[in-house]
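Below, all heavy atoms of this structure are taken into account, side chains as well, without hydrogens, waters or symmetry copies. These figures come from a predicted structure and were not determined experimentally.
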Amino acid sequence: MISILGIIIADDEKKICRLLEYLIDWDEIGVKLLGVAYDGISAFQLIQEKKPDVLLTDIRMPGMDGLQLIEEAKKQNASLKCIIISGYKDFQYAQQGIRYGVRDYLLKPINQDDLTRTLKKLVKETLEQKSSQEVQMHLEETIRNYSGEFKRVFLKMVLEQKPEERPESVLKEVRKINPSRVVNQGGRCLVVKPDIEYKDFTKDAYQLLIDKTIEILQVEFASEDGDLTIEASEEGIFLLLFHEPSDKEELMKALNHVRDRVMGLQDLFPKIYFSAIITEQVDTDEELIRQIQYSRIAMYNRLLTDANTVSKLNAPAAGTEEKNSLTAEISRLLEDRPESFEPEEIKSCLNDAKRIMQTVKNISGLDIKMELLRLAHNYLDWFELLDASLDKSGKAAYFSEMYEHCISLDQAFELLEETLTKALLEVLSHLKSREIKPVAYAKHYIEKNKGVQIKLEELAKNAGFSYTYFSYLFKKETGKTLTEYIQMVRIEAAKKLLVEKERNVSEVAELVGYSDIKFFTKQFKKALGVSPNEYRKMFLER
């Protein structure tokens, strides 16, 4: 292995130094031994000469002790990594060493595994540090040399933030990369969303459509210097213009021309949809960020308006109250959701959610996506309780991705219903092989424990299912709920005991699990139409 770190050992015990020198396979772990010193002053001179990455030093040494050596060496090289070795188990030294930036503290006798592990950790940290620094240096150099690249970095960073993030907060993050302004003489954003329906979606087909659209945009909006700032995301293709005609109508014509050319690609795709938005021209970076965020929210609103439109950006309505109202309504719907295992119940719940969304005004397509994701996660959480092997995150990610390719609210709900129904059927199919034995187990358990209070939740848990699902499963197999089945078993047992003269009705009730004789009498009469005493009399008179 190529040496990553250079190390110096300082210890006044020559035997310790020789031991350390031969104890470690330096080449294997990527460390090169640069030298050994037997006192603090010699060690300091060696550090100045060899400039090591790591200092492995004893605390007690003549001339200059280990802590003084570390303090002086750190003044020369603040990044020097220091490890203390000592035979003194005094935590005071460790505390002082930590203040000087000591990375580790090893006690004599030195354990080979501990030392090797410590050095390997330092090699790994150094590699990661160098890699990170190289990436950062490359990025900074690229930004300095190419203003166009910085504009792309700017756009990418804005798109990585949430659309509702405060523009000044986003700008603060951008300024950490480069303090230069992006907007000098005015700029604006265009957003284009070419799409195919989620039912026809494949990654290859969609990527081809995106690539073709970018080519058309580059031809249509090519600037004199040939530099265009374009970034594609799942929300659409974003284009920053800094040298375009000031006439917005000319831009509208250009975008309509782009739309016509994209729609002309229908020989390659079953059906194409196209939406585009033009923002206002602005004079500051913060305003440009705000326009980009507005355009992202507006693009989500295509589900609520006609598809295939090229439009000017209107600032989104401030619908915080309406959004909160929507969230509250959906929360109530979820609280009242029937815990059923039928696709029809999912459909019914989603239809109710759609009616709620259609009645709330001033909500955006982004608000709708967030609420639909919440519905998805609630159902998937519930399904996961039935089957822990369910790929819940994969299902949610699929819905989120395909939502971007829905062209109407109806289609978004159709997608969610398909996603949840498929997940439910997968869960039920996976559980099917486990169903019969648990029901048989429950029937046997109830028969055996009919005389005691049976905890249904515990019974379901022992069968390997949630109480809700096991109740559904038990009724599906037996035609009775768990409670009804327990009552039936107890009444059947009571019938047999009542014909035995030596037991009175109160004793029979207690033996079959009823502590209240009145309740027992009521349940018995409800099941057979006669009281326990009447049943005994009828049987004995035969």
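With rounding to the nearest 0.5 Å, the separation of CZ in Phe383 from CG in Leu390 is 8.5 Å. Rounding to the nearest 0.5 Å places CG of Leu217 at 7.5 Å from CG of Leu255. With rounding to the nearest 0.5 angstrom, the CD1 atom of Ile277 is 11.0 Å from the CD atom of Gln291. To the nearest 0.5 Å, atom CG of residue Leu265 and atom CZ of residue Phe274 are 10.5 Å apart. Here the CG-CD1 distance, from Leu240 to Ile292, works out to 5.0 Å after rounding to the nearest 0.5 Å. Atom OG1 of Thr483 sits about 11.0 Å away from atom NZ of Lys475, to the nearest 0.5 Å.
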### Arg374/Ser331 under side-chain contact (heavy atoms from CB on, under 4.5 Å): CA gap, chis, key distance, verdict
CA-CA 9 Å; Arg374 193 155 67 94; Ser331 296; 3.1 Å; yes
### Query
Please walk me through it: do Ile230 and Phe238 pass side-chain contact (heavy atoms from CB on, under 4.5 Å)?
CA-CA 6 Å; Ile230 297 179; Phe238 292 77; over 6 Å; no
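For Asp367 and Ser364, the side-chain atoms include at least one donor-acceptor pair closer than 3.5 Å. No side-chain donor-acceptor contact under 3.5 Å links Glu197 and His405. In this structure, a donor-acceptor pair under 3.5 Å is absent between the side chains of Asp410 and Ser408. The closest side-chain donor-acceptor pair between Thr213 and Arg261, if any, does not fall under 3.5 angstrom. Between the side chains of Tyr198 and Glu404, not a single donor N or O lies within less than 3.5 Å of an accepting N or O.
For Glu287 (side chain) and Asp283 (main-chain N/O), no donor-acceptor pair under 3.5 Å exists by modelled atom type. Using a distance-only test at 3.5 Å, with no hydrogens or angles considered, no donor-acceptor pair links the side chain of Asp352 to the main chain of Cys349. Listed for the Asn301 side chain is no donor-acceptor partner under 3.5 Å among the backbone atoms of Leu304. At least one donor-acceptor pair under 3.5 Å links the side chain of Thr279 to the backbone N or O of Cys189.
For Asp53, the side chain to side chain donor-acceptor pair (under 3.5 Å) criterion is met by no residue, not counting sequence neighbours. For Glu401, the side chain to side chain donor-acceptor pair (under 3.5 Å) test picks out no residue, with sequence neighbours left out.
Checked for salt-bridge contact, Asp27 and Lys32 miss the test: no charged N lies under 4.0 Å from a carboxylate O. Taking the charged nitrogens against the carboxylate oxygens, Lys395 and Glu426 do have a contact shorter than 4.0 Å, which makes a salt bridge. Salt-bridge annotation for Glu329 and Arg332: present, with a side-chain N of the basic residue lying under 4.0 Å from a carboxylate O of the acidic one. In summary, Lys271 and Asp200 do not engage in a salt bridge, as defined by a charged side-chain N under 4.0 Å from a carboxylate O. Checked for salt-bridge contact, Glu165 and Lys162 miss the test: no charged N lies under 4.0 Å from a carboxylate O.
Atom NZ of Lys392 has more than 12 heavy atoms from other residues, nucleotides or ligands within 6.0 Å. Enclosure of atom CZ in Arg166 is not indicated, since only 12 or fewer non-hydrogen atoms of other residues, nucleotides or ligands lie within 6.0 angstrom. Within 6.0 Å of NZ in Lys212 there are 12 or fewer heavy atoms belonging to other residues, nucleotides or ligands.
Judged by the 6.0 Å distance and 45° axis criteria, Lys151 is positioned over the aromatic ring of Phe242. Geometric assessment of Lys354 against the ring of Phe413 yields a positive cation-pi assignment under the 6.0 Å and 45° thresholds.
The aromatic rings of Phe201 and Tyr206 lie tilted to each other, with the angle between the two planes from 30° to 60°.
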